[in-house]
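Side chains included, hydrogens not; waters and symmetry mates left out as well; all remaining heavy atoms used. Note that the structure is a prediction, hence the values are computed from the model and not measured.
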Amino acid sequence: MDDEPSLREALKGLLCSAGLRAITFGSAEEFLESSHRDQVACLILDMQLPGMSGLELQRHLAATGHDVPVAFVTSQEDRDGHLHAQALRAGALALFPKPFGDEQLLTVIKKALDSP
C-alpha cells in the first residue's frame, strides 16, 4: 500500500513475477473499506500514507484481531534508527528505506507467507 501509483504498480509487478497474488491500495482507508481486508496474508505498507499512516493501520488491524504480517517501506530519513525501532516494536517484519532491493523484500514476504 503506497500513495504513489507508480510504486504500487511496480510492487504489484514484482510480487506477481514471483508467483504471488497482489492487490494494491492507495490508502489505509481504501484497504479497510475493501472486500479484500480479511483475505490478505501479508501487507507492504508505506509509513507515510494520506490519512491513516501505515503504522496506525498496523496498530488498528492488531487491535481488531487482524494480525497480518507487515513489511514497511518509507522515504523518510531514519538516521537515528527511530522509525526502524518503532516499526519493529509494533511487530513489523522489516522496514525498507526507498529505494529498496527487490530480493530483500521478496525474501521477507515469502518468509512471512511460509510461517504458520
Side-chain angles (χ1 to χ4, degrees):
M1 189 172 320
D2 199 285
D3 57 333
E4 296 176 40
S6 60
L7 182 56
R8 283 197 311 268
E9 288 307 308
L11 279 171
K12 183 176 182 176
L14 172 66
L15 295 170
C16 289
S17 72
L20 302 171
R21 190 172 142 232
I23 301 168
T24 63
F25 301 94
S27 70
E29 292 80 7
E30 184 182 339
F31 169 72
L32 289 172
E33 293 171 5
S34 82
S35 61
H36 301 285
R37 175 180 158 167
D38 296 326
Q39 302 166 6
V40 173
C42 187
L43 288 170
I44 301 169
L45 297 176
D46 191 340
M47 290 287 279
Q48 293 179 295
L49 292 168
M52 183 184 289
S53 74
L55 195 56
E56 289 170 332
L57 174 59
Q58 180 192 30
R59 289 178 179 150
H60 172 78
L61 291 172
T64 58
H66 294 89
D67 194 22
V68 177
V70 172
F72 283 108
V73 296
T74 187
S75 58
Q76 289 179 275
E77 214 170 287
D78 191 26
R79 288 187 184 160
D80 63 2
H82 177 72
L83 283 178
H84 189 257
Q86 188 178 18
L88 294 180
R89 271 195 311 272
L93 303 168
L95 172 67
F96 296 99
K98 294 179 185 177
F100 48 84
D102 294 351
E103 290 304 315
Q104 291 175 303
L105 180 64
L106 285 174
T107 298
V108 167
I109 299 304
K110 287 178 180 180
K111 183 178 178 184
L113 295 176
D114 289 342
S115 295

Side-chain touch H36/F25, heavy atoms, less than 4.5 angstrom:
yes
Donor-acceptor contact present, side-chain Q58 to main-chain L55, <3.5 Å:
no
Checking R21 against I23 for the side-chain contact (heavy atoms from CB on, under 4.5 Å) test, could you report, in this order, the C-alpha distance in whole Å, the side-chain angles of both residues, the deciding distance, and whether it holds?
CA-CA 7 Å; R21 190 172 142 232; I23 301 168; 3.4 Å; yes
Would L88 and I109 show up in the same hydrophobic cluster when neighbours are defined by side-chain heavy atoms closer than 4.5 Å?
no
Could you measure the distance from the CG atom of L15 to the NZ atom of K110? Nearest 0.5 Å is fine.
9.5 Å
Value for CG (L45) from CG (L95), rounded to nearest 0.5 Å, stands at 11.0 Å
Backbone N/O of L49 and side chain of S53: donor-acceptor pair under 3.5 Å:
no
Min side-chain heavy-atom separation S6-E9 under 4.5 Å:
no
Examine distances only and state if a side-chain atom of H66 and a backbone atom of T64 form a donor-acceptor pair shorter than 3.5 Å.
yes
Evaluate the side-chain proximity of L32 to L61: yes if any heavy-atom separation is below 4.5 Å, no if none is.
yes
Has E29 got a side-chain atom pairing as donor or acceptor with M52's backbone, closer than 3.5 angstrom?
yes
Considering non-hydrogen atoms only, spot the tightest contact between G54 and F72 and give its length.
C-CE2, 3.4 Å
Steps toward side-chain contact (heavy atoms from CB on, under 4.5 Å) verdict (L93, C42)
CA-CA 10 Å; L93 303 168; C42 187; 4.2 Å; yes
Steps toward side-chain contact (heavy atoms from CB on, under 4.5 Å) verdict (L105, L11):
CA-CA 10 Å; L105 180 64; L11 279 171; 3.5 Å; yes
Does the pair L43 and F31 meet the rule for a side-chain contact (heavy atoms from CB on, under 4.5 Å), with working shown?
CA-CA 10 Å; L43 288 170; F31 169 72; 4.1 Å; yes
Nearest 0.5 Å, please: how far is OG in S27 from CG in L57?
9.5 Å
Do other residues, nucleotides or ligands put more than 12 heavy atoms under 6.0 Å from the CD atom of Q39?
yes
Tell me whether R37 is salt-bridged to E30, with the criterion being a basic N under 4.0 Å from an acidic carboxylate O.
no
